[in-house]
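Right, one structure below, let's go through it.
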Amino acid sequence: SIFFLLLPVLKTKANEYKKGFYSSVSFGSGKYSGILQTHNDSGVLANYPHSSGFSYEGSIGYDFGKRYRIDLSYSKNNSRIEEGNGTQAFFSSLMLNGYIDFQMENSKWEPFIGLGLGTTNVDGTNTCFEGGVDHCIDDVLTVGVSGGVNYALSNKVDLTSKLTYYKFDDITIIDSGRTIKANDTSNVVANMGLKFKF
């Protein structure tokens, strides 16, 4: 019948493993771990837990076919201090990522895992007190670990969802002349969007 003639065309061709460039855009939510801020070397100054905020990410990359791909991504996330009168910090990450895709034969689903290395601009200007000498922005080394799944909408477009853990190097700012350090901090970001294959 005509149905069986069209079936090979309608089926997701998971085994073609085409190489080529791709780009993606996604939106979601992220949460900063919150910090125990230390004042110089005197010990703990204050505990600042954060709530979730808006996140977005864009990337451009290259798929080597079947299993491996790399991309360069830019993401931004804001996270609000829970008891800070609406003040929030902004995290802008530029990352080089490598991914392993797990192709599922005759399936539209494609799980993946990823590892990234890059830098994050931490902008805490909105959280600093007014007055005095302030430098509330820092650039820190960042490691990203991610996992997610792609769903083929067509041969050229995937619906993609990803959960990423960003681990930051020590963050140092100067607030009203005080040196404040945030150690062992991170972001957890969940995004969903589209991946376009060229």
Side-chain angles (χ1 to χ4, degrees), residues 3-4 6-34 50-80 89-122 140-168 184-198:
F3 173 78
F4 291 105
L6 291 175
L7 186 59
V9 177
L10 297 175
K11 183 186 294 185
T12 301
K13 298 179 180 180
N15 295 322
E16 289 189 354
Y17 308 135
K18 291 183 178 179
K19 300 179 181 181
F21 289 96
Y22 68 89
S23 65
S24 68
V25 59
S26 60
F27 303 90
S29 179
K31 183 177 181 180
Y32 183 51
S33 59
H50 283 238
S51 59
S52 299
F54 177 70
S55 173
Y56 66 83
E57 180 182 287
S59 71
I60 184 167
Y62 186 81
D63 193 329
F64 294 95
K66 188 173 182 178
R67 188 169 296 274
Y68 303 107
R69 57 187 169 92
I70 59 172
D71 69 28
L72 184 67
S73 67
Y74 174 81
S75 64
K76 190 164 187 177
N77 172 233
N78 64 288
S79 192
R80 190 178 303 275
F90 299 88
F91 305 85
S92 304
S93 299
L94 183 65
M95 305 289 292
L96 179 62
N97 308 290
Y99 295 97
I100 301 176
D101 296 323
F102 300 95
Q103 300 278 355
M104 301 175 66
E105 186 174 359
N106 299 326
S107 173
K108 295 185 177 183
W109 297 97
E110 180 187 66
F112 63 86
I113 56 175
L115 181 65
L117 182 66
T119 182
T120 296
N121 176 264
V122 181
V140 295
L141 181 68
T142 305
V143 175
V145 180
S146 60
V149 62
N150 298 320
Y151 179 82
L153 298 176
S154 70
N155 286 336
K156 294 293 186 179
V157 181
D158 289 348
L159 180 66
T160 183
S161 61
K162 183 172 70 169
L163 180 68
T164 306
Y165 172 79
Y166 294 98
K167 180 69 175 68
F168 303 132
D184 193 25
T185 63
S186 60
N187 265 0
V188 176
V189 179
N191 280 358
M192 179 173 288
L194 296 174
K195 184 174 77 168
F196 306 93
K197 293 172 275 188
F198 305 115

Knowing that exactly one of Asp63, Asn97, Asp101 qualifies, which makes a side-chain hydrogen bond (donor to acceptor under 3.5 Å, both in side chains) with Arg69?
Asp101

Do Phe64 and Tyr62 have ring centres separated by under 6.0 Å?
yes

Over 12 foreign heavy atoms within 6.0 Å of NZ, Lys76
no

Measure up the Tyr99 and Phe112 rings against each other and bin them: parallel (under 30°), tilted (30 to 60°), perpendicular (over 60°).
perpendicular

Steps toward side chain to side chain contact (heavy atoms under 4.5 Å, CB included) verdict (Leu72, Leu94)
CA-CA 7 Å; Leu72 184 67; Leu94 183 65; 4.2 Å; yes

List the residues meeting side chain to side chain donor-acceptor pair (under 3.5 Å) with Thr120, not counting sequence neighbours, and say none if there are none.
Ser93, Thr142

Taking the inter-plane angle between the rings of Tyr32 and Phe91 on a 0 to 90° scale, is it parallel (under 30°), tilted (30 to 60°) or perpendicular (over 60°)?
tilted

Counting distance only, does the side-chain N/O of Ser79 pair as donor-acceptor with the main-chain N or O of Ser51 below 3.5 Å?
yes

Chi angles and distances behind the side chain to side chain contact (heavy atoms under 4.5 Å, CB included) call for Gln103, Glu110
CA-CA 5 Å; Gln103 300 278 355; Glu110 180 187 66; 2.8 Å; yes

Aromatic ring pairing Tyr166/Phe168, orientation class (parallel under 30°, perpendicular over 60°, tilted between)
parallel

Under the salt bridge (charged side-chain N to carboxylate O under 4.0 Å, His left out) test, residues paired with Lys156 that sit two or more places apart
none

So does Phe102 have more than 12 non-hydrogen atoms from other groups sitting under 6.0 Å from CZ?
yes

Would you sort out whether Thr185 and Ser33 count as a side-chain hydrogen bond (donor to acceptor under 3.5 Å, both in side chains), showing the intermediate values?
CA-CA 6 Å; Thr185 63; Ser33 59; 4.9 Å; no

